[in-house]
Amino acid sequence: MRARSKRQRTGRGVALQAEQADRHALYQRSVQDPEAEVAQLDDLFRRLRGRSPLSLREDFCGTALLATQWCRSDPRRTAIGVDLCRDTLEWGRLHNVEPAGKEIASRIHLVQDNVLDVRTDPVDLVCGFNFSYNGLLDRASLRRWFENAASSLTEEGLLVLDCYGGSEAFDTVEEERDIEGEFTFVWEQASFNPIDHRAECHIHFRFPDGSALERAFSYRWRIWTLPEIRDLLAEAGFSSIHVFWEQFEEGEEEDEYLVSTGRYEEVAEAENQESWICYVAAAR
Ligand SMILES: C[S@@+](CC[C@H](N)C(=O)[O-])C[C@H]1O[C@@H](n2cnc3c(N)ncnc32)[C@H](O)[C@@H]1O
């Protein structure tokens, strides 16, 4: 991944925006909303268990932004963050965990390990967000993650993951989003093979000065479908599986598309949309 510019530099010594950028910081601002994710986890657990969850294991934690917010949200809360990548965990320790202060940091435990093998004390919640499990490319691996999660939960514990689908999920796509006028986040699903659902995905960041971090992050994914996920959860020992579907409402402007309310409701049937996101909560 190299900073590139379509324009000439404006003068000697003037750094391009892409050269000054930190891809982890850009990623966090583009695709993570830890306050909303903590509220979502709390809400799902309360609805199914009638109490607030206290211990979280964030699998595929990356920079542990969610684990840090989890512990910030309640002084009784603890978090374990699990990720394979030492550098990403170290970035998270320096930029998220330590800046949260000693007391909060003391309740966060970062583990460099494979989520398929890691062994941890039982927790109320294991979660894996931003569709990271799509990096597990075969049934045996996804099932093994589910089995690992199942064996890492307290009696009332839940595994929570997010899932995306709809016809657009099974196609090539390039979507752009402006982030506070400072840069453009680009999600590219560059290829999709209908035979094995393998997809090549990239994240690019583009800046107003014409510079860009192309392929700041790249993923070789298998786009798992919701029925496959539900079947594998059941095979892995989860006896109750709940799907919470994003709720939409009419926009304020005439002709505006439906807008997300940010609420998710448990459903057994949903409209077949071009693009959708849901949360799956599974209990043993
Ligand atoms: C898409 S990022 C997700 C970061 C963050 N959790 C989020 O919600 O945006 C996926 C992360 O999963 C990690 N990862 C991929 N396979 C893994 C595995 N088998 N075990 C642990 N971590 C893994 C990668 O190192 C990467 O940091």
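- Environment of CZ in R29: crowded, with over 12 heavy atoms of neighbouring residues, nucleotides or ligands closer than 6.0 Å.
- No side-chain donor from either of Q69 and N96 sits under 3.5 Å from a side-chain acceptor of the other.
- Residue pairs satisfying the ring-ring contact (aromatic ring centres under 6.0 Å, His included) criterion with at least one member in residues 31-83, sequence neighbours excluded, are listed as follows: F60-W145.
- Side-chain contact between R93 and L110 is present, with heavy atoms from C-beta onward closer than 4.5 Å.
- Distance alone, capped at 3.5 Å, places no donor-acceptor pair between the R143 side chain and the L232 backbone.
- Annotation: Y219 is not in aromatic contact with F131 [ring centroid separation under 6.0 Å not met].
- Residue pairs meeting the ring-ring contact (aromatic ring centres under 6.0 Å, His included) criterion with at least one member in residues 83-109, sequence neighbours excluded: H24-W91, W91-H95.
- In this structure, the side chains of L142 and D138 stay at 4.5 Å or more apart for every pair of heavy atoms.
- Other residues, nucleotides and ligands contribute over 12 non-hydrogen atoms within 6.0 Å of the CD atom of E103.
- Note on residues 225-246: pairs passing ring-ring contact (aromatic ring centres under 6.0 Å, His included), not counting sequence neighbours, are W245-W276.
- Between L56 and L41 there is a side-chain heavy-atom pair separated by less than 4.5 Å.
- Side chains of N130 and S132: no donor on one and acceptor on the other come within 3.5 Å.
- The shortest distance between side-chain heavy atoms of L258 and E249 does not fall below 4.5 Å.
- Under the 4.5 Å side-chain criterion, counting only non-hydrogen atoms from C-beta, I229 is in contact with C163.
- Judged purely by distance below 3.5 Å, without hydrogens or angles, the side chains of H204 and E214 pair a donor atom with an acceptor atom.
- Electrostatic pairing of D42 and R77 counts as a salt bridge here, judged by a charged N lying under 4.0 Å from a carboxylate O.
- Scanning for salt bridge (Lys or Arg N to Asp or Glu O under 4.0 Å) contacts around D83 gives an empty result, with sequence neighbours left out.
- For Q112 (side chain) and L84 (main-chain N/O), a donor-acceptor pair under 3.5 Å exists by modelled atom type.
- Using a 4.5 Å heavy-atom cutoff, the side chains of D121 and V123 are not in contact.
- Heavy atoms from other residues, nucleotides or ligands lying under 6.0 Å from CZ of R47 number more than 12.
- Under a 4.0 Å N-O distance rule, the pair E246/R263 does not qualify as a salt bridge.
- Contacts classified as side-chain hydrogen bond (donor to acceptor under 3.5 Å, both in side chains) and involving residues 153-164 (residues at least two apart or in different chains) are given here: R51-E156, D124-T154, Y164-Q189.
- Residues V38 and E35 fail the side-chain proximity criterion, which asks for heavy atoms closer than 4.5 Å.
- Judged by a 6.0 Å distance limit and a 45° cone about the ring axis, R23 is positioned over the six-membered ring of F217.
- Of the N and O atoms on the side chains of T68 and R72, not one donor lies less than 3.5 Å from an acceptor on the other residue.
- Judged as a salt bridge (Lys or Arg N to Asp or Glu O under 4.0 Å), and not counting sequence neighbours, D231 has no contacts.
- Salt bridge status for R220 with E200: absent, with no side-chain N to carboxylate O gap under 4.0 Å.
- R144 has no carboxylate O lying under 4.0 Å from a charged side-chain N of E147, or vice versa, which leaves the two without a salt bridge.
- In this structure, a donor-acceptor pair under 3.5 Å is present between the side chains of N148 and R57.
- Within a 6.0 Å sphere centred on CG of N272, heavy atoms belonging to other residues, nucleotides or ligands number 12 at most.
- In this structure, E174 pairs ionically with R206, as a charged nitrogen and a carboxylate oxygen lie closer than 4.0 Å.
- F205 and F185 have tilted rings, their planes meeting at an angle from 30° to 60° on a 0 to 90° scale.
- Atom CZ in R76 sits 11.5 Å away from atom OG in S55 (nearest 0.5 Å).
- E37 is not listed as a side-chain neighbour of L65, based on a closest heavy-atom distance of 4.5 Å or more.
- The pair E228-R139 does not meet the salt-bridge criterion, since no charged nitrogen lies less than 4.0 angstrom from a carboxylate oxygen.
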